[in-house]
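Source: prediction; values computed, not measured. Just so you know, residue 1 is the first one in the sequence shown, and it goes up from there.
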Amino acid sequence: MTVLLLCWTHSVWAEQFDHSAWDRLLRDHVVMINQGRASQVDYDGFLREQKVLHDYLRQLSAVDRHAFSSWSKPAQLAFLINAYNAFTVELILTRYPKLDSIKDLGSFLRSPWKKAFVPLLGQMRSLDDIEHGMIRKPGVYNEPRIHFAVNCASIGCPALLNQAFAGEKLEQQFEIVTKAFLGDRTRNRYNSSTGRLEISKIFDWYAEDFESGWGGWHSLNQFLARYADSLTDNEQDRQAAAAGGFRIRYLDYDWKLNDTR
């Protein structure tokens, strides 16, 4: 049965999905590390509570397109991000603990992200369908910070947040996960000796999203300069990064599983 909440938004009543079950699972089985800049997932804990996870996934799948379309854009986006992350955890659990990387769940001919196993909004979808065909679909949400919210179950990926995303606080959550990821020196840093920003491959793979005009910025350098405080550790480096004239080097991506083992 679909679980809905009534909330007051912009002087009208709007229906939003209740993500409290997913929120509780995340709080119980995701450990924030490195001062909240990364996280580890207790997949054993998720396995012990897989029935709770399955109930939540069924509730996600029960939502129809008409109900989804009636929600605000932030509520829709929170729903899709939570669905992506929850079904990713479910995918990992299909073989856990006998895997070292989410890539182990794919094959030479098909990546794990192209496997159509997610019943969502009336169709059987893959994780790629949700991320690229819905969350990143041009002209719908136009939100580059989603790349710090969706989680690919890998160490190189931005942290799986230990709380569910929610429409009413999505802007705040986006800023939290963006600054946390950019503040992780294992994945993003300003090298003052070379004048380069050494950053995650995410910015290479999805450069177009950061150059689409969000926030008035039309280049990756402009987007990164906006977050100079998070990317640097002293005032001199902050000023250099904020000026936006830096060169970029992309770091190797770590696909090892983000578990607590």
| field | 4.5 Å side-chain heavy-atom contact, Phe79 and Leu60 | value | yes
| If you look at every heavy atom in Glu175 and Tyr227, which pair is closest and at what distance? | OE2-OH, 2.6 Å
| query | Do Tyr253 and Leu257 belong together in a cluster built from hydrophobic side chains that touch within less than 4.5 Å? | reply | yes
| request: Starting at NE2 of His19, measure out to CD1 of Ile81 and round the result to the nearest 0.5 Å. | output: 9.5 Å
| query | Can Ile199 and Ile248 be said to form a side chain to side chain contact (heavy atoms under 4.5 Å, CB included), step by step? | reply | CA-CA 7 Å; Ile199 56 176; Ile248 288 175; 3.6 Å; yes
| field | Sidechain-backbone polar pair: Glu131 side chain, Leu127 backbone, donor-acceptor under 3.5 Å | value | no
| Minimum side-chain heavy-atom gap Phe46-Val41 below 4.5 Å | yes
| task | Could you tell me how the ring of Phe17 sits relative to the ring of Trp71: parallel (under 30°), tilted (30 to 60°) or perpendicular (over 60°)? | result | tilted
| task | Would you mind reporting whether Arg189 and Asp233 have side-chain heavy atoms less than 4.5 Å apart? | result | no
| Same cluster or not: are Phe87 and Met124 linked, directly or through other Ile, Leu, Val, Met, Phe, Trp or Tyr residues, by side-chain heavy atoms under 4.5 angstrom apart? | no
| said: If you define the side chain from C-beta out and look only at heavy atoms, does anything of Val30 sit under 4.5 Å from Leu161? | reply: no
| query | Is the ring centre of Tyr206 less than 6.0 Å from the ring centre of Phe210? | reply | no
| Euclidean distance, Leu120 CG relative to Phe68 CZ, rounded to 0.5 Å | 8.0 Å
| field | Residue pair Ala225 / Gly244: nearest heavy atoms and the distance that separates them | value | CB-CA, 4.1 Å
| task | Keeping the roles fixed (side chain from Ser154, backbone from Cys157), state whether a donor-acceptor pair exists under 3.5 Å. | result | no
| Separation between NZ of Lys73 and CG of Asn142, rounded to the nearest 0.5 Å | 8.5 Å
| request: Using modelled atom types only, decide if a donor and an acceptor are shared between the side chain of Asp23 and the backbone of Gln163 within a distance under 3.5 Å. | output: no
| Flag for Asp128-Ser126: side-chain donor and acceptor within less than 3.5 Å | no
| task | Please confirm whether the backbone N or O of Ala164 pairs with a side-chain atom of Gln173, one donor and one acceptor, at under 3.5 Å? | result | yes
| query | Judged by atom type as modelled, is there a donor-acceptor pair below 3.5 Å linking the side chain of Ser39 to the main-chain atoms of Leu160? | reply | yes
| Where do Leu77 and Phe165 land on the side chain to side chain contact (heavy atoms under 4.5 Å, CB included) test, with the steps shown first? | CA-CA 9 Å; Leu77 194 48; Phe165 287 91; over 6 Å; no
| said: Are Tyr250 and Phe203, when compared by the centres of their aromatic rings, separated by less than 6.0 Å? | reply: no
| request: Please examine the side chains of Glu90 and His54, heavy atoms only from C-beta on, and report whether any two atoms are closer than 4.5 Å. | output: yes
| Quick one: OG on Ser69 to CD on Gln76, what's the gap to the nearest 0.5 Å? | 6.0 Å
| request: Answer whether the closest heavy-atom distance between the side chains of Val63 and Gln59 falls below 4.5 Å. | output: no
| Within-4.5 Å side-chain heavy-atom neighbours: Phe117 and Arg125 | no
| query | Are the side chain of Arg187 and the backbone N or O of Ile155 linked by a donor-acceptor pair below 3.5 Å? | reply | yes
| message | Strictly distance-based, threshold 3.5 Å: is any side-chain N or O of Arg185 a donor or acceptor partner for the main-chain N or O of Asn188? | response | yes
| note | What one should report as the nearest heavy-atom pair of Val177 and Ala149 is CG2-N, 4.4 Å
| message | Minimum heavy-atom separation for Ala180 and Gly36, please, with both atom names. | response | CB-O, 3.6 Å
| said: What I want to find out is whether Arg247 reaches Glu198 closely enough, with some N-O distance under 4.0 Å, to be called a salt bridge. | reply: no
| Within the side chain of Asp104, is there an N or O that forms a donor-acceptor pair under 3.5 Å with the backbone of Ser101? | yes
| field | Under-4.0 Å salt bridge between Arg48 and Asp44 | value | no
| remark: Between Asp42 and the options Val31, Asp259, Thr260, the side-chain contact (heavy atoms from CB on, under 4.5 Å) test singles out Thr260
| message | I'd like to know if Phe181 and Leu251 are part of one continuous hydrophobic network [Ile/Leu/Val/Met/Phe/Trp/Tyr, side-chain heavy atoms within less than 4.5 Å]. | response | no
| said: What's the separation between atom CZ in Arg65 and atom OG in Ser70, rounded to the nearest 0.5 Å? | reply: 11.5 Å
| Stepwise side chain to side chain contact (heavy atoms under 4.5 Å, CB included) test for Phe148 and Ile176 | CA-CA 9 Å; Phe148 316 118; Ile176 288 171; over 6 Å; no
| message | For a quick test of reading the model, state the closest non-hydrogen atom pair linking Pro144 to Phe223 and the distance between them. | response | CG-CE1, 4.2 Å
| query | For Glu171, does the CD atom sit with more than 12 other heavy atoms under 6.0 Å from it, leaving out its own atoms? | reply | yes
| task | To the nearest 0.5 angstrom, please state how far the CG atom of Leu80 sits from the CD1 atom of Ile135. | result | 5.0 Å
| Is a side-chain donor-acceptor pair under 3.5 Å present for Asn258 with Tyr43? | yes
| Are Asp209 and Arg136 within salt-bridge range, i.e. N to O under 4.0 Å? | yes
| request: Using a strict 4.0 Å threshold on nitrogen-to-oxygen distance, state whether Arg238 and Asp229 make a salt bridge. | output: yes
| message | Would the distance check show the side chain of Tyr190 and the main-chain N or O of Ala228 forming a donor-acceptor pair, the cut-off being under 3.5 Å? | response | no
| field | Neighbour count >12 (heavy atoms, 6.0 Å) for atom NZ, Lys201 | value | yes
| message | Show the nearest heavy-atom pair for residues His147 and Pro158, with the distance to one decimal. | response | O-CG, 3.3 Å
| task | Flag yes if Met134 and Tyr141 sit in one hydrophobic cluster, no otherwise; membership is Ile, Leu, Val, Met, Phe, Trp, Tyr, and two members link when side-chain heavy atoms are under 4.5 Å apart. | result | yes
| Does Asn85 reach the main-chain N or O of Asn151 with its side chain, forming a donor-acceptor pair under 3.5 Å? | yes
| message | Let's go through Thr186 and Asp184 carefully: what are the C-alpha distance in whole Å and the side-chain angles of both, what is the deciding distance for side chain to side chain donor-acceptor pair (under 3.5 Å) to 0.1 Å, and is it a yes or a no? | response | CA-CA 6 Å; Thr186 67; Asp184 185 345; 2.7 Å; yes
| Is it the case that Ser193 and Asn191 place a side-chain donor and acceptor less than 3.5 Å from each other? | yes
| field | Side chains of Cys152 and Thr88 in contact at under 4.5 Å (non-hydrogen atoms) | value | no
| message | If you apply the rule side chain to side chain contact (heavy atoms under 4.5 Å, CB included), what do you find for Ile92 with Leu105, and how did you get there? | response | CA-CA 8 Å; Ile92 295 299; Leu105 297 170; 4.1 Å; yes
| query | Is the CG atom of Asp252 crowded by more than 12 outside heavy atoms at less than 6.0 Å? | reply | no
| said: Looking at Glu235, I want to see if its CD is surrounded by more than 12 non-hydrogen atoms of other residues, nucleotides or ligands under 6.0 Å. | reply: yes
| field | Joint hydrophobic cluster, Leu25 plus Leu47, side-chain heavy atoms closer than 4.5 Å | value | yes
